Amino acid sequence: MVLIMCASVKYGSRGPALIPRMKTKHRIYYITLFSVVLLGLIATGIFQFWPHSIESSAEWSLDRRSVHDAPLVRIPMSSPISERGDLSCRMHTCFDVYRCGYNPKNKIKVYIYPLQRFVDEVGVPISSTGLSREYNDLLSAISDSDFYSDDVSRACLFIPSIDVLNQNSLRIRETAQALAMLPRWDKGTNHLLFNMLPGGPPDYNTALDVPRDRALLAGGGFSTWTYRQGYDVSIPVYSPLSAEVDLPERQPGPRRYFILSSQTAIHREYRVELERLKEENGEALLLLDKCSNLSQGLASVRNRCYKGQVYDYPQILQESSFCVVLRGARLGQATLSDVLQAGCVPVIMADSYILPFSEVLDWKRASVVIPEEKLPEMYTILKSIPHRQVEEMQRQARWFWEAYFSSMKAIGMTTLQIINDRIYPYAARTYEEWNNPPVVKWTSVNSPLFLPLIPPRSPGFTAVVLTYDRIESLFRVITEISKVPSLAKLLVVWNNQNKSPPEESLWPKVAVPLKVLRTKENKLSNRFFPFDEIETEAVLAIDDDIIMLTSDELQFGYEVWREFPDRLVGYPGRLHLWDHEMGKWKYESEWTNEVSMVLTGAAFYHKYFNYLYTYKMPGDIKNWVDAHMNCEDIAMNFLVANITGKAPIKVTPRKKFKCPECTAIDGLSLDQTHMVERSECINKFASVFGTMPLKVVEHRADPVLYKDDFPEKLKSFPNIGSL
Amino acid sequence: MQARKKYVLLGLCMCCWLLLYYWGGLQERLLGLITHRRGEVARPWPNWLDRDLLPGYADQAELQNAGGPGDSPRQRRQSWAGIYKDSRCRMDTCFDFARCQGQSGFRVYIYPPEKGERVSESYRKILTSVAESRYFTSDPREACLFVLGIDTLDRDQLSMQFVPNMDERIRGYPLWNDGRNHVIFNLYSGTWPNYTEDLGFNVGQAILAKASLNTEHFRPGFDISIPLFSKEHPQKGGERGWLVRNTVPPRRKYLLMFKGKRYLTGIGSDTRNALHHIHNGKDIVSLTTCRHGKDWEKHKDARCDHDNQEYERFDYQELLHNSTFCLVPRGRRLGSFRFLESLQAACIPVLLSNGWELPFSDVIQWNQAVIEGDERLLLQVPSTVRAVDITRVLALRQRTQMLWEAYFSSVDKIVLTTLEIIKDRVYSHISRNKFMWNALPGGLLVLPEYSTHLAHYPFYYLNLGISPGQEFTAVIHATSPLVSQSQPIMKLLQVVSKSKYCSQIIILWNSEKPEQSTIETEAVLSLDEDTVLLTSEINFAFHVWRSFPERIVGYPPRSHFWDPVKKAWGYTSKWTNEYSIVLTGAAFYHRYYHHLFSHYLPSSLRALVDRTSNCEDILINFLVSSVTHLPPIKVAQRKQYKEMPTLQGTKMAPWANPEHFTQRQECVNTFASWFGYMPLVHSQFRLDPVLFKDHVSVLRKRYKDLERV
């Protein structure tokens, strides 16, 4: 648009410059012609360029449309009607899985039918409300999501645009006919209907009464007898109040009232029971009802009364620890959503009710479900729940609301994800992903090596020696390590590209296979590469100057690793400290009483961590390490501690980890700048991880009889701690 | 003229320019169509102009009213009981909760076997498990649940074990009550050719604990799907899973394997007859044989001879050990033995059994341990399993082991899981949540009566992202009467109370049992009255315990060993290079183990401990190791605990008594036989303070006292 305006201005200015030289008669004629051309130009320009911003003219017309412009479809009286819902339907019987196929993203494709206005033969619409705001929100959200596909022939799931959220506003027979008229209906196969208020007076069925054949139903208020487990999806009844009212999240903790009942439509028998409970327990209970003396309308929706005193609803929900959600004629209650939003723990008393999204959500952690019959015992039951658990439930309730109840979008996406998880079960979301609030997800750890195993001694370990050119020292290290009984293989990672490793004949003769791996670049991360040559799960990373470790110490280290296969088990320990003056982390290598890292100059660990280090290291840590030629050990400690939540194990007493002959090079590690750099590493890594994963402990592992008054020759590992 | 020419020219130029303009615009539009279309997904659900004017789906008053209060709840409950029976049974309508509300709580009664009744090996094991469980009662009046004495496991009419006249016999039971509160165990139902779910008698309102349950017949929240197990399945203990290490990369020699029968006709043949298609002879081995049944040669087809030959080339056990994934297709029935076999072998099951309600599906999250395939998509299975990445293979594999050991490795576990699931439904507000069922160490070792709060258990700290509390409770077991200020217990009280982490001290006289509610902290420091310790030793051990809250952390170690001569377990208190027990005369452990000790272990073992006033410490070590599968932890100690003569010298310490020692030897064997295996695990290290006995100035050391002699 802006571009066209500029162009026309340009023309306007060029035109008048030519005009003065013309005859008046012609001038008028040309000016008119010119203006016409110019106007035409502008008009076409607008016509040409306008659709640019919205892609195609067809959509342009759609987008400027009102709901009332949707095409009208007249349903013939004799139009066929679907079968009633088939109660025996399951995914493997009624769902056509071939439509979904194998796809590398493991995501189903969802098609939405374009909006049509269905009317019967005399022109009466099938629904009194037509498209509701909520259903429109839901369909918009789905069409904006990755599930959406506009290709009807490749879709796996079909969503009709016929709004059946509320059965009360529907003409059942005509709605069923409308559904059956959908071009891909095919007995409702792979069609998904959303319904929140099923049934109607007087007996209120617990599932949508519209005959729907094989269609899946995402319904609010299913009972155990209408819910087809593993086929239907139980969804919440959306509360539009949540969009109107802002209830800020509250810190979990004790609240003014212990139990609150805020529903207005409670059966008299239950109200009597609740009043009895109130009499027994007094102030702890707040029993609200609708306000009789107030004028009708919105005011009554947002108010509740107790003995003439008026309370704001739903704000009052935030003042209570537990909130009662009793069934009415319908099982699903919008109150549940309000209660969760307020972070109040719902006490659900609705026998046979299938809780929303119960296929994936663990309601026992966010609510208390009590059989209706046990209403009189409610107070005792709730009192027996530990305080800390109530707090956790409050947090959990609020999180359920935020993630799965708060909007039509949340409800729609959760439903689709659940169906997606069924079709691609091997890519399904885990319990933790569904149920852990972000705070817990952030702090909790799910170690990839969670099974408590003490692997057998027999396959032994593979020693990986990183070397550059200190051949003499390297050979000594090799000779020393080769004495360790459980050594299975020696790998020398030759990190010097300018120099070839010594000839085979020059290497020390060792009993185990020895292999030299030449690297392409001199990178520190090469030592943590998951080489195929490492066939044991235990890896001993060792520097080419660590010649002071005895065979007993190494063997003992391996034995300890077997008991802690998910940890770093190493010799020299280090510590990180918080420097209060500088306000940042500091690296400490002095004699301390605590340990939070072990150096990988000599450490046992699981080969899986090599894989993680090489392929799953967060952020740019790997590059940083290679660029600075330092801190690869700190990075490994961060990685392992972060994923396992456990501290490393330092084994055996402290030694002088300096080789006497190589003072010049090794003096480096005592160098002040070196220490500063390692402190920097800790700060850098902590910021990349977003937290400080390292754990501080005060212990190290020694052999059971270490320094005990016991004959040395009877000890398994006598030669430990010698200097 | 010139001017006119000029203007005509100008006009032409304009026209040309206009044309170009049009063309250019069009081109640009086409370009836009091509590029933009590809870049973004079209958004066809329109942004209606009047979307803000759309009506709400229901008005607020209607929503809050929810259809009004409905009918009388009492009447509803009554009418439900009439409508929802038999195939529509739910706990609400077909179970009598009142029977379980008595003093005795959840009790299970077994009908006494009739004379001459023949019971199959498997059913005998099931009955033994129930009879030995802590829920058993011999009094039908206090029972909440009933188990039939008649063998109902095999309801195949062609089977040897089929019991006829079931209807008649059951009607003879005075307590049958149309099956209310009864649980019926079944492994096989139906017979050739359809293998229906029918048991051949009216189960009425009894809960079915049945193998190969179909989702369509399964009454959710009521029936329980159990795994199919063989008659060799051990009564208790059970073999451990085969996974001993997590190799990386986790792929085994074969990616996917199957070895079994091919059905040429009949139910289940759709899948079984197609399995050979995915065999590639390299990483996918799918072997089928036609040689089964009496008249297999009649149905024989062109493949049979070749397949039979190929079939013999591979050994099932070898495949089981060396395959990453194992196909578990349906047989005639939905469940098969190979399900448990592959679970134990840590060969990730790939299920092809549409409609099978997986074992204990109420509580177990199977999608974290198996790959649920679809019989209709058999040919996709190879690409599906190939796409599983190494992290997931590791996780799935470990989970198979966790589930195997928690719920399936013995008949005891299968039966107990069934009972616990029912119990959780009966007392729904004191029951385990899904997390407890699916996390280590498994639901059977979590007793919800102790607490329903995850943070109250010793196993979940890491999963919850929290650490154990900063304080402990000292529990001192005392026997000698308090007569003087110089008694060891006085010294001990002083030492313990000096620890900054000590929040309370409880003294129990003459083997009283501590009440659970009195211990306010998660950590318990168990002490004998004559224990000699230093405050810094206690502090250090407490620090260590906070790193290992699920284990026992203590000082004096002991060890068990297998005595090949006596063919029995031995117990030693000698100094050895490894240990498997730490004595609880001075040890930290989580208070939950107190509860587990008094509620999980059978009264027979606890009686043995009480009777002999011995072995309690061994038993708690057994218990904790059976939960963790790990050894206890020994920490540094200044001098040898109790192994110097007591100051009084008058009273003979019980440990010095040789009879006391043989008793302990016996205890180890009794305990091992109850557990069904030896849960104790050896460890070779102890934990010392970081600078323990290092050559540095003592001033630097936090626990210098430990080094003093």
Side-chain angles (χ1 to χ4, degrees), chain A residues 48 55 62-63 66-67 88 90 92 102 129 132-134 139-140 143 150 165-166 204 224 229 240 265 267 301 328-330 333-334 351 362 364-365 381 386 389 425-426 428 431 443-445 451-452 455 537 559-560 591 593 595 607-608 645 653-654 697-702 704 707 710 716, chain B residues 25 32 36 42-50 54-58 60 63 65-70 73 90 92 215-216 220 244-248 354-355 365 367 371-372 374 380 398 429 433-434 453 462-463 465 543-544 547 575 577 629-630 684-688 690 693-694 696 700 702:
Chain A
Q48 289 284 350
E55 260 139 56
L62 265 179
D63 222 58
S66 142
V67 173
S88 68
R90 294 294 181 272
H92 66 276
Y102 176 77
T129 49
S132 69
R133 194 187 313 134
E134 283 78 11
L139 295 181
S140 301
S143 86
D150 58 351
L165 282 181
N166 184 352
Y204 289 97
T224 169
Q229 201 168 10
H267 193 274
V301 170
R330 288 204 180 95
Q333 303 270 332
D351 291 357
D362 190 347
K364 279 188 186 162
R365 291 178 72 179
I381 291 173
Q389 190 182 354
Y426 40 86
Y431 173 93
T443 51
S444 76
V445 284
L451 197 70
E537 53 173 334
E559 299 290 341
V560 172
W591 298 81
N593 285 289
V595 169
K607 189 189 170 187
Y608 181 65
R654 177 154 179 148
V697 291
E698 301 188 0
H699 51 251
R700 69 161 200 247
D702 289 326
V704 183
K707 295 256 173 173
F710 194 73
S716 302
Chain B
H36 279 249
R43 185 186 181 288
W45 190 257
N47 223 345
W48 305 107
L49 273 175
D50 47 359
L54 291 173
Y57 79 106
Q60 302 259 5
L63 277 174
N65 210 22
R90 297 293 185 271
D92 286 333
T215 42
E216 281 172 46
V244 290
R245 68 174 73 91
N246 285 305
T247 44
V248 174
N354 287 3
Q365 306 248 310
N367 62 12
I371 305 273
E372 290 165 84
D374 189 319
Q380 276 180 21
Q398 291 176 81
H429 55 275
N433 59 40
K434 277 256 170 70
H453 185 40
L462 284 173
N463 303 93
H543 267 284
V544 171
S547 295
W575 288 25
N577 285 296
H629 296 300
L630 294 170
Q684 301 193 64
F685 67 86
R686 71 162 196 245
L687 294 181
D688 293 335
V690 173
K693 300 203 176 168
D694 275 354
V696 275
R700 280 180 175 270
R702 188 169 295 162

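What you see is a predicted model; the values in this text were computed from it and never measured. Chain letters run A, B, ... following the sequence lines, proteins first, then strands; residues in each count from 1.
Only the side chain of B/D374 comes within less than 4.5 Å of a heavy atom of chain A; its backbone N, CA, C and O stay farther away. Interface residue B/N354: backbone and side-chain heavy atoms are both found under 4.5 Å from chain A. For chain A, the nearby part of B/Q365 is the side chain; its heavy atoms alone come within less than 4.5 Å. Heavy-atom distances place both the backbone and the side chain of B/D688 under 4.5 Å from chain A. Heavy atoms of A/Q229 lying under 4.5 Å from chain B belong exclusively to its side chain. In this structure, chain A has heavy atoms under 4.5 Å from both the backbone and the side chain of B/V244. Only the side chain of A/D362 comes within contact range of chain B, with heavy atoms under 4.5 Å apart.
Chain A forms more heavy-atom pairs under 4.5 Å with one residue of B/T247, B/V696, B/L630, B/V544 than with any other, namely B/V696. Between chain A and the residues B/P55, B/P220, B/S547, the largest count of heavy-atom pairs under 4.5 Å involves B/P55. If you tally non-hydrogen atom pairs under 4.5 Å between each of B/N367, B/D694, B/I371 and chain A, the highest count goes to B/D694. Chain B forms more heavy-atom pairs under 4.5 Å with one residue of A/V595, A/L139, A/T129 than with any other, namely A/L139.
A donor-acceptor distance shorter than 3.5 angstrom exists from the side chain of A/N166 to the backbone of B/Y57, with no hydrogens or angles considered. For the pair B/R700 (side chain) and A/W591 (backbone), a donor-acceptor distance under 3.5 Å is present. For B/N577 (side chain) and A/S716 (main-chain N/O), a donor-acceptor pair under 3.5 Å exists by modelled atom type.
Of all non-hydrogen atoms in B/R686 and A/V704, the two that sit nearest each other are NH1-O, 2.7 Å. Summarising the geometry of A/S132 relative to B/G56, their closest heavy-atom pair is CB-C, 4.1 Å, with the distance given to 0.1 Å. Contact detail for A/H267 and B/P73: the closest heavy-atom pair is ND1-CD, 3.4 Å.
To the nearest 0.5 Å, the span separating CD on B/Q684 from CD on A/E559 amounts to 4.0 Å. To the nearest 0.5 Å, the span separating CD on A/E537 from CG on B/N246 amounts to 6.5 Å. Distance check: A/L451 CG to B/H629 NE2 gives 7.5 Å after rounding to the nearest 0.5 Å. To the nearest 0.5 Å, atoms CZ (A/R330) and CG (B/L63) are separated by 8.5 Å. Put simply, NE2 on A/H699 and NE2 on B/H543 are 11.0 Å apart, with the number rounded to the nearest 0.5 Å. One finds the CG atom of B/N433 at 8.0 Å from the CD atom of A/Q389 (value rounded to the nearest 0.5 Å).
Between B/T215 and A/H92 the shortest side-chain heavy-atom distance falls below 4.5 Å.
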